[in-house]
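One-based numbering, in listed order, for ligands and for the atoms of each. We use all heavy atoms of the structure for the numbers below, so side chains are in, but hydrogens, waters and symmetry mates are not. Not measured: the values here are computed from a predicted model.
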Amino acid sequence: MATTTVADYLLRRLREWGVDKVFGFPGDGINGILAAWGRAENNPKFIQARHEEMSAFEAVGYAKFTGRFGVCIATSGPGAVHLLNGLYDAKLDHVPVIAIAGQTSRSAMGGSYQQEVDLLSLFKDVASEYVQMVTVPEQLPGVLDRAIRVALTERAPTAIIIPSDVQELEYSAPTHAFKMVPSSIGVDWPTAIPGDTAIARAAEILNAGQKVAILAGSGARGARAELQQVAELLGAGIAKPLLGKDVIADDLPYVTGSIGLLGTRPSYEMMMGCDTLLTVGSSFPYTQFLPEFDQARGVQIDIDGKYIGMRYPYEVNLVGDAAATLRALIPHLERKQDRAWREDIEENVARWWEVMEAEALVEADPINPMRLFHELSSRLPANAIVAADSGSSANWYARHLRFHGDMRGSLSGNLATMGPGVPYGIGAKFGNPDRPVLVFAGDGAMQMNGLAELITIKHYWQEWSDPRLVIAVLHNNDLNQVTWEMRAMEGAPKFVESQTLPSVDYAAFAASLGLQGITVDKPNDVGPAWDRALAADRPTLLDVHCDPNVPPIPPHATLDQMKDAGRAILKGDQDRWGVVKEGVLTKVQEFLPHKEH
Ligand SMILES: Cc1ncc(C[n+]2csc(CCOP(=O)(O)OP(=O)(O)O)c2C)c(N)n1
Ligand SMILES: [Mg+2]
């Protein structure tokens, strides 16, 4: 075909933006684009998932682990509907993703035609920053360019709808005329730094305090050296919300690790004891894990004025780039002479890691899930990327993995949806084919979608220069996280009908796809299984038979609360109440809190 169609031009413009991969699934609502893809010799590369929600998760994973924007594509009607959950994951975790969806022909619109869903309304909430339908060719470059720039500016998903007949029209560029919107490619960003007066006010607060706590979230990524320098000067510890787990390494003695329900005791202690709070690039929502309102003076740094000043009554709210703002602050900070607070934090952290190890080594039936994470922790390659699904694995990911080097890690932090683990891993591999990628997923998540998405791994893994993608399945025949939430928060026993899962041979399923499948049902086999997976010449699934009676214990739990959660022992109905491992309770208590909160 000699002429350039709208679809041809769409792909060309994506290439000009540097897009080399698009995650999608076909359908006749995008047939015009697929035909153009064939003409473009699959550039950008079309990556076929089993389900459009997976395409969206893969685009989110790709964006999270590359720092670039992700692109996904789906057909009209059902395909577009399937994208939604993945796009909400992008929205809630502030990830730039562009969704492209087909639509019925313009001539059929409004006629209750097959697969006609009102996509502008469907995407209105999830892509609230920008959703547009392209109805004439001249609209295309402007709409696509804006969808990309808005996604990058707002760190949000945006959506473009292209009716099937428009895809096949001859492309015609916007002209230098009334009601035309010419457009251009690319964007360069400023480095935002607050003014001198604001920096001085912040420094005054940080210098006045004796016990400084730092909360560093995903917005602090790229500010590692500065965070270290500030923590050093202020004698502070650094706690990390889930999405910020990889912003600073856990092998620094003053990094207290995760915070919140899935957090660590040293983070909790630090927040409860501090007199000054410095929050950098975090909108951690759980106020109850931050200091009491009248306890600490607060300074917040965030790139986005829309999200600053929330969650705590900060005295100074600095809108700016994390690294640049910290660099501006540093010359104004006085080194704290009294290091007692810092020493206290370091002692707590050292003891906490010992407790974590002891907990992980408590015997269970058959495998203590903490052991699975613990054994990996010491084997983690410095360039590993880790993804965890929602479920009990998120707890162990948060508490037991000791990140070091340039490791990256993420999960569905705010939507907390089940299902992103395996597709995040795939997106991570396509963004970083030379890095090992490790995924933790529950058996519920595998049954929901992970098993099917293993087929996508089978389809593509040989293209990755480092073939190591390891899926560790927490095989506990239970929707365990919710079972424990019911027990601990509702005081209700396990409702077997909703919670128990049918058992599946996950390793055999993986092996049937030509992947390495390893069943692990003895505690001492966990370490060697990781060794095999990390030395393999192909992706591996570890089918790990985990004990559902190891409770994910919140760091602030008192012994009584923990015993309460394990009422099993009192009630005797083991299946419904679970039997909390006595050893786990005892080990956690070895980490004696300074005070009971
Ligand atoms: C799409 C979706 N449905 C339901 C939930 C509620 N939920 C959160 S964790 C969980 C259990 C997950 O079970 P599994 O994947 O087996 O992991 P486990 O906790 O057993 O390790 C459920 C049902 C959710 N977060 N997302
Ligand atoms: Mg499970």
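Residue N476 touches ligand 1 through its side chain alone, judged by heavy-atom distances below 4.0 Å. Contacts of A441 with ligand 1, taken as heavy-atom pairs under 4.0 Å, are absent altogether.
Ligand-side atoms of ligand 1 in range of G444: 14 (P), 15 (O), 16 (O), range being under 4.0 angstrom from any heavy atom. For ligand 1 and Q481, the ligand atoms under 4.0 Å from any heavy atom of the residue are 9 (S), 19 (O). Proximity to T417 (heavy-atom distance under 4.0 Å) selects the following atoms of ligand 1: 1 (C), 26 (N). Heavy-atom proximity to D478, at under 4.0 Å, picks out these atoms of ligand 1: 16 (O), 20 (O).
From the protein, the heavy atom lying nearest to atom 17 (O) of ligand 1 is G442 CA, 3.5 Å. Looking at atom 23 (C) of ligand 1, its nearest protein heavy atom turns out to be M418 SD, 3.4 Å. Given atom 15 (O) of ligand 1, the protein heavy atom at minimum distance is A445 N, 2.9 Å. Looking only at heavy atoms of the protein, atom 21 (O) of ligand 1 is closest to S392 OG, 2.6 Å. Protein heavy atom in closest approach to atom 13 (O) of ligand 1: L479 CD2, 3.3 Å.
For CD of Q288, the number of neighbouring non-hydrogen atoms (other residues, nucleotides, ligands) closer than 6.0 Å is greater than 12. Around CG of D505, the count of heavy atoms belonging to other residues, nucleotides or ligands within 6.0 Å exceeds 12.
The only option from Q48, R50, E58 that meets the side chain to side chain donor-acceptor pair (under 3.5 Å) definition with T456 turns out to be R50. With K240 as the partner, the side chain to side chain donor-acceptor pair (under 3.5 Å) test is satisfied by one option alone out of D250, T256, D246: D250.
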Exercise for the section: Go through the steps for R538 and W461 under the test side-chain contact (heavy atoms from CB on, under 4.5 Å), then give the verdict. Expected result: CA-CA 7 Å; R538 64 191 59 212; W461 72 264; 3.5 Å; yes
Practice task
Could you go through the side chain to side chain donor-acceptor pair (under 3.5 Å) check for H545 and T519 one step at a time?
Solution key: CA-CA 8 Å; H545 291 235; T519 302; 5.2 Å; no
Exercise for the section: Let me see the working for L501 and L479 under side-chain contact (heavy atoms from CB on, under 4.5 Å), right down to the final yes or no. Expected result: CA-CA 7 Å; L501 291 171; L479 295 165; 4.0 Å; yes
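For the pair S390 and ligand 1, the shortest N or O to N or O distance does not fall below 3.5 Å. The shortest N or O to N or O distance between V482 and ligand 1 is not under 3.5 Å. Annotation: N480 places an N or O atom under 3.5 Å from an N or O atom of ligand 1; distance criterion only. At a 3.5 angstrom cut-off on N or O pairs, A416 counts as close to ligand 1.
Residues Y307 and H94 bring their aromatic ring centres within 6.0 Å.
In this structure, K21 is not positioned above the aromatic face of Y62 in the sense of NZ or CZ being under 6.0 Å from the six-membered ring centre and within 45° of the axis.
Here the Mg ion (ligand 2) is the vertex; the O atom in D478 and the OD1 atom in D443 give an angle of 110° (to 10°).
Atoms CG and CE, on L438 and M407 in that order, are 7.0 Å from each other to the nearest 0.5 Å.
Ring geometry for H51 against H82 counts as parallel: the plane angle stays under 30°, on a 0 to 90° scale with 60° as the upper cut.
In summary, S392 places no N/O/S atom under 2.8 Å from the Mg ion (ligand 2), failing the contact criterion.
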